[in-house]
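In what follows, a single structure is set out as structure tokens and then discussed.
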Number of protein chains: 2
Amino acid sequence: MSGPNTKQRILGAARTLFAEQGFPATSMRQVTALAEVNLAAVSYHFGSKEGLLRELVSACIEPINSERIRLLDEAEAAAQGAPLKLRDLIRIFIEPAVRELSENNKDMPCVFSRLHHEPHPGVEAMMTEILAPTIARFIAASQRILPHRSAEELLIRGHFMIGAMLHLLDFKCEELMPMPGIHAATIADYDFRLEQLVSFCTAGFDG
Amino acid sequence: MSGPNTKQRILGAARTLFAEQGFPATSMRQVTALAEVNLAAVSYHFGSKEGLLRELVSACIEPINSERIRLLDEAEAAAQGAPLKLRDLIRIFIEPAVRELSENNKDMPCVFSRLHHEPHPGVEAMMTEILAPTIARFIAASQRILPHRSAEELLIRGHFMIGAMLHLLDFKCEELMPMPGIHAATIADYDFRLEQLVSFCTAGFDG
DNA sequence: AAACATATTAAACGTTTGTTTCAATCGAAC
DNA sequence: GTTCGATTGAAACAAACGTTTAATATGTTT
């Protein structure tokens, strides 16, 4: 029994728990208990714990990534061969990920961030496989904007941008916030975060 | 028997394995096998698996952190009350961590990075406890340098800097590198990485 | 109504986990 | 040389792990 869609419930519970505890520390019994389904349902629907992870990974990454491609296609078509503005390019890369933070499930970006750092070999390969075309296009576009910078400089700065973005996605406002003179609500605001990150990376890329 | 110093061997093995696989995915049997010591030695010397983690955390963080404090004291004394240069302040924060990458055990920065993202509650508390004074001083110093920026802006940009730095520390050159026209040796060079990161963050902080 | 693939259940599978036990061994102080 | 605390060794502990099994229920097709 257990509700109309067992598979979706498992995915939802896994998303929450993987975000909170990480993949290796989360047991299938925790997942199925939270999803209120039978333990064997994971093996039945996903084959294994790793199969569940792989399906969750694509569900997390694919939408963000294809939105990036879509925005990039759109912007490059509108530019008609001219280089994009650096700030626009960076926003195209960052905004789809940060937007998940405010719109959809708030666990998703946290999983997204954690997966980037997950030492699990299958996940690493999957991430790079999905992200490689996007990164290649991003580097190419940035080379047209900043022709005086070497490919190595742009690549490593792209990595800095990803690191800053992931750290923001994984950022719980409650943690480091007992600081004097800090208005927590300001930092919690998604638009503030997004604009700050875009500004930081835009300046950093050409700095 | 098992060598002159069982405790050190366990710490070394744990550092390697935690860096490769993360804390939850690493078993005590793996650690003691690599360290070539008896399984019970972990409980004897560290009380528990978590005790081992906690001791490893301080061993990883403390030297980096106290070096930051030392450099900051030194620079502020030399400045005689005048604000530091932004680039110098950022270098003070970044260089001690990146230097571990080139000088000491190459696993250490990877653990350091991974610990920042470890959802383990005890570790999170420990990290913030150790890092809080340093971050507070860094924010205060940056406020003197960039008085036109709000405390919220500086705090969140400090977070971006930490994210970029951690992502660099966790960065394995072999992973994303099969890219056309990229000279891998350039990116592998620690001085190149450090200078790029300092430039990126310096520009980003005031961008 | 009978047959069917699909889905869910409860129970158990064999392993592996972190930790403990207790005897054996070590290294110095007396 | 003996005593004593500190350390190591081999073995076992209960608990939790991912996965599998066989039986039951469900809903659709003949």
Side-chain angles (χ1 to χ4, degrees), chain A residues 1-57 59 111 114-115 118-124 126, chain B residues 1-59 111 114-115 118-126:
Chain A
M1 201 76 70
S2 75
N5 200 335
T6 302
K7 207 170 170 182
Q8 291 295 321
R9 303 180 58 133
I10 293 174
L11 282 170
R15 190 172 52 209
T16 301
L17 291 170
F18 290 176
E20 283 175 6
Q21 312 172 338
F23 171 70
T26 301
S27 76
M28 295 292 103
R29 284 170 174 83
Q30 284 180 291
V31 172
T32 53
L34 182 60
E36 297 181 85
V37 302
N38 188 271
L39 173 61
V42 175
S43 293
Y44 179 78
H45 286 284
F46 301 96
S48 65
K49 183 185 183 183
E50 186 164 329
L52 167 59
L53 176 64
R54 295 184 70 85
E55 197 144 327
L56 187 61
V57 170
V111 178
R114 193 141 296 155
L115 287 172
E118 198 79 63
H120 194 96
V123 172
E124 285 183 4
M126 195 171 184
Chain B
M1 202 77 69
S2 78
N5 200 335
T6 302
K7 209 171 170 182
Q8 291 295 323
R9 302 179 59 129
I10 293 175
L11 282 169
R15 189 171 53 208
T16 301
L17 291 170
F18 289 176
E20 283 174 7
Q21 313 172 337
F23 172 70
T26 301
S27 75
M28 301 316 259
R29 283 169 176 82
Q30 286 181 289
V31 172
T32 53
L34 181 60
E36 299 181 84
V37 302
N38 190 270
L39 173 61
V42 175
S43 292
Y44 179 76
H45 285 285
F46 303 96
S48 65
K49 183 185 184 183
E50 186 164 328
L52 167 59
L53 175 65
R54 295 183 70 85
E55 197 144 327
L56 187 61
V57 170
S58 20
V111 177
R114 195 143 294 156
L115 287 173
E118 198 78 63
H120 194 97
V123 173
E124 283 183 5
M126 196 170 182

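Each chain gets a letter, A, B and so on, in the order its sequence line appears, and its residues count up from 1. No experiment lies behind these values; they were computed from the predicted model shown.
For the pair B:Lys7 and B:Phe46, the distance from NZ or CZ to the six-membered ring centre is under 6.0 Å and the angle to the ring normal is within 45 degrees.
Both A:Ala25 and B:Lys7 lie close to DNA chain D; mapped to their nearest nucleotides by heavy-atom distance, the more 5′-ward contact belongs to B:Lys7.
By the 4.5 Å heavy-atom criterion applied to side chains, B:Met126 and B:Leu53 are not counted as neighbours.
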Exercise. Should A:Tyr44 and A:Asn38 be marked as a side-chain contact (heavy atoms from CB on, under 4.5 Å) after you check the CA-CA gap, both sets of side-chain angles, and the distance that decides it?
Worked result: CA-CA 10 Å; A:Tyr44 179 78; A:Asn38 188 271; over 6 Å; no
For this session: Check step by step if side-chain contact (heavy atoms from CB on, under 4.5 Å) holds for A:Phe23 and A:His120.
Result: CA-CA 9 Å; A:Phe23 171 70; A:His120 194 96; 3.7 Å; yes
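Taking the side-chain contact (heavy atoms from CB on, under 4.5 Å) definition, one finds that A:Gln30 meets it with A:Leu17, A:Gln21, A:Thr26, A:Ser27, sequence neighbours left out.
Between the CD atom of B:Glu36 and the C1' atom of D:dT8 there is a distance of 15 Å, rounded to whole Å. Between A:His120 atom NE2 and D:dG18 atom C1' there is a gap of 13 Å when expressed in whole angstrom units.
Each of A:Val111, A:Val31, A:Ile10 was compared with A:Arg15 under the side-chain contact (heavy atoms from CB on, under 4.5 Å) criterion, and only A:Val111 meets it.
Distances shorter than 4.0 Å separate some side-chain N or O of B:His45 from OP1 or OP2 on D:dT8. Phosphate contact (OP1/OP2 of C:dA7, side-chain N/O of A:Thr6, threshold under 4.0 Å): absent.
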Listing time: all N or O pairs from protein to nucleotides 17-20 of chain C that are below 3.5 Å?
{"from": "C:dT17", "atom 1": "OP1", "to": "B:Ser27", "atom 2": "OG", "distance (Å)": "3.4"}
{"from": "C:dG18", "atom 1": "OP1", "to": "B:Thr26", "atom 2": "O", "distance (Å)": "3.4"}
{"from": "C:dG18", "atom 1": "OP1", "to": "B:Lys49", "atom 2": "NZ", "distance (Å)": "2.9"}
{"from": "C:dG18", "atom 1": "OP2", "to": "B:Met28", "atom 2": "N", "distance (Å)": "2.9"}
{"from": "C:dG18", "atom 1": "N7", "to": "B:Arg29", "atom 2": "NH1", "distance (Å)": "2.8"}
{"from": "C:dG18", "atom 1": "O6", "to": "B:Arg29", "atom 2": "NH2", "distance (Å)": "2.8"}
{"from": "C:dT19", "atom 1": "OP2", "to": "B:Lys49", "atom 2": "N", "distance (Å)": "2.7"}

